[in-house]
Amino acid sequence: AASIGKGYKVREGSKEIVEINGIKFLRFIADYEAYGEQMTQYKSYVIGENQTFSVAFLTFKDEFEDKKPLLNSLYKKVYLK
């Protein structure tokens, strides 16, 4: 986590498993500092039948709650083939 930013910490209670379009996501929110700015990472691990990959959205911490509905809507566009 040190390569991501200073003070990288997953928010208490933010880990959740959600299923969208038949795909399971392990999703969490983490806060950290990068280049002197307070940042938030909204990260998911997607576990497919024969593959695993991650999706990460990064934004300024003070803008995260306003952007969260848009970020959540992007998950609806993910399909595995």
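As the structure is a prediction and not an experimental result, all values here were calculated from the model.
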(message) A quick test of your reading: do over 12 heavy atoms of other residues, nucleotides or ligands sit less than 6.0 Å from CZ of Phe28?
(response) yes
(request) Step through the shown structure and confirm whether more than 12 heavy atoms of other residues, nucleotides or ligands are within 6.0 Å of CD1 on Ile17. (result) no
(request) Go through the structure and list residues passing side chain to side chain donor-acceptor pair (under 3.5 Å) with Asp62, not counting sequence neighbours. (result) none
(message) Could you report the tightest heavy-atom contact between Tyr8 and Tyr32, atom names first, then the distance?
(response) CA-CB, 3.7 Å
(message) Nearest 0.5 angstrom please: Glu19 CD to Lys24 NZ, how far?
(response) 5.5 Å
(request) Grab the two heavy atoms, one from Glu65 and one from Pro69, that are nearest each other, plus how far apart they are. (result) O-CD, 3.5 Å
(request) For Lys15, look at atom NZ and say whether over 12 heavy atoms of other residues, nucleotides or ligands are found less than 6.0 Å away. (result) no
(message) Quick check for you: to the nearest 0.5 Å, what is the distance between Gln41 atom CD and Phe64 atom CZ?
(response) 10.5 Å
(request) Have a look at Asp31 and tell me which of Arg11, Gln38, Lys9 forms a side-chain hydrogen bond (donor to acceptor under 3.5 Å, both in side chains) with it. (result) Arg11
(message) Are the side chains of Lys68 and Ile29 in contact, using a 4.5 Å heavy-atom criterion?
(response) yes
(request) Locate the shortest heavy-atom distance separating Phe53 from Val55; write the atom from each residue and the value. (result) CE1-CG2, 4.0 Å
(request) To the nearest 0.5 angstrom, please state how far the OG atom of Ser44 sits from the CD1 atom of Ile23. (result) 11.0 Å
(request) For residues Lys61 and Met39, determine if any side-chain heavy atom of one lies less than 4.5 Å from a side-chain heavy atom of the other. (result) no
(message) Can you tell me how far apart CG (Leu58) and CD (Glu37) are? Round to the nearest 0.5 Å.
(response) 13.0 Å
(request) Return the orientation label for the Tyr42 and Phe57 ring planes: parallel under 30°, perpendicular over 60°, tilted otherwise. (result) tilted
